[in-house]
Amino acid sequence: MHKLAIALSLAGLAALASATGALAQSMPGQLAREIMIKATLMTFNDANLTNNYTVFDALASEPFAKQFPPEKLSEVFKSFRDQDIDLAAITAFKPVETPAPMIDSDGFLQMAGYFETTPSYVAYDMSFVGGEDGSWRIIGLNVHLAPPEELGIDTGNTDTAEEPVVGE
């Protein structure tokens, strides 16, 4: 059973909004959000599995990339590699978005939720900043692996034998 939490975020996101050129963008639709969540987590996963964070770094926002260059990301996520955690099973699930995604008063897209994988759920909390090209780029990432009850989630289901396994 894995219990692991890793968080990367930037202090003073509001101050960075103007520095990064954060633009007022509309809320992406449900499918677009699912793609953003899975693409971010799979890029993160590939970086962890290969210990090569250059692609993740290239896709991140400028402030994130400056604060967390590939070498720093390698240090921060060493525990994922040491435990041979592979998040690929999330691709078989729809994310459960909770709380509801929102664009905060600083223009950052906030998305949090989890994937109902076994034996641990994959929980995420992500922040994105809007770019001049209309894209959203990661500016904050928090990933947890823990049984649902440790995440405060009541599953009401004890039969999970058919579900994909995370981290094995």
Side-chain angles (χ1 to χ4, degrees), residues 1-10 13 27-61 64-65 67-68 70 72-104 108-129 135-168:
M1 180 171 12
H2 297 290
K3 181 179 180 188
L4 186 62
I6 297 292
L8 297 177
S9 61
L10 300 173
L13 289 177
M27 175 66 68
Q30 182 178 8
L31 179 59
R33 291 192 311 270
E34 180 176 345
I35 291 168
M36 289 171 65
I37 293 163
K38 287 181 177 180
T40 299
L41 290 175
M42 287 296 83
T43 304
F44 166 76
N45 189 58
D46 290 345
N48 287 325
L49 293 175
T50 62
N51 194 23
N52 183 343
Y53 294 85
T54 55
V55 173
F56 190 84
D57 181 70
L59 296 174
S61 65
F64 185 97
Q67 185 167 352
F68 300 104
K72 176 85 171 180
L73 291 172
S74 180
E75 290 172 30
V76 170
F77 295 116
K78 184 178 184 314
S79 60
F80 270 76
R81 290 190 312 280
D82 289 349
Q83 294 181 49
D84 295 320
I85 293 174
D86 185 347
L87 303 177
I90 69 159
T91 61
F93 292 87
K94 284 198 167 293
V96 177
E97 295 179 300
T98 182
M102 65 171 271
I103 297 175
D104 67 20
F108 294 102
L109 173 59
Q110 306 291 336
M111 295 192 293
Y114 57 90
F115 290 89
E116 297 176 326
T117 52
T118 60
S120 297
Y121 278 19
V122 176
Y124 62 87
D125 191 346
M126 302 177 184
S127 300
F128 293 84
V129 62
S135 67
W136 290 99
R137 293 191 175 260
I138 194 78
I139 195 162
L141 175 65
N142 189 342
V143 180
H144 296 274
L145 275 67
E149 56 276 3
E150 289 183 29
L151 295 170
I153 300 166
D154 179 20
T155 64
N157 181 8
T158 58
D159 182 16
T160 58
E162 297 295 319
E163 296 182 15
V165 176
V166 170
E168 295 182 8

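Annotation: side chain of Asn45 is not in contact with side chain of Leu41 (no heavy-atom distance under 4.5 Å). Between Ser135 and Arg137, the closest side-chain pair of non-hydrogen atoms falls below 4.5 Å. Within the 4.5 Å cutoff, the side chain of Ser61 has no heavy atoms near those of the Phe128 side chain. Side-chain contact between Thr98 and Tyr114 is present, with at least one heavy-atom pair separated by less than 4.5 Å. Glu97 is listed as a side-chain neighbour of Ile37, based on a closest heavy-atom distance under 4.5 Å.
Remark: Met102 pairs with Asp104, Gln110 by the side chain to side chain contact (heavy atoms under 4.5 Å, CB included) rule, at least two apart or across chains. Partners of Lys72 under the salt bridge (Lys or Arg N to Asp or Glu O under 4.0 Å) rule, at least two apart in sequence or in another chain, do not exist in this structure. Applying the side chain to side chain contact (heavy atoms under 4.5 Å, CB included) test to Ser74 and every residue at least two apart in sequence or in another chain returns Asn51, Tyr53, Arg81.
Here the straight-line distance linking atom OG1 of Thr43 with atom CG of Leu141 works out to 11.0 Å at 0.5 Å rounding.
Of the residues listed (Asp57, Asn52, Thr50), the one engaging Thr54 in a side chain to side chain donor-acceptor pair (under 3.5 Å) is Asn52, and it is the only one. A side-chain contact (heavy atoms from CB on, under 4.5 Å) with Pro101 is found for one member of Met36, Gln30, Arg33 and no other, namely Arg33.
In this structure a side-chain-to-backbone donor-acceptor pair under 3.5 Å is present from Lys38 to Phe93. For Asn48 (side chain) and Phe44 (main-chain N/O), a donor-acceptor pair under 3.5 Å exists by modelled atom type. Ser120 places no side-chain N or O within donor-acceptor distance of the main-chain N or O of Leu145, the cut-off being under 3.5 Å.
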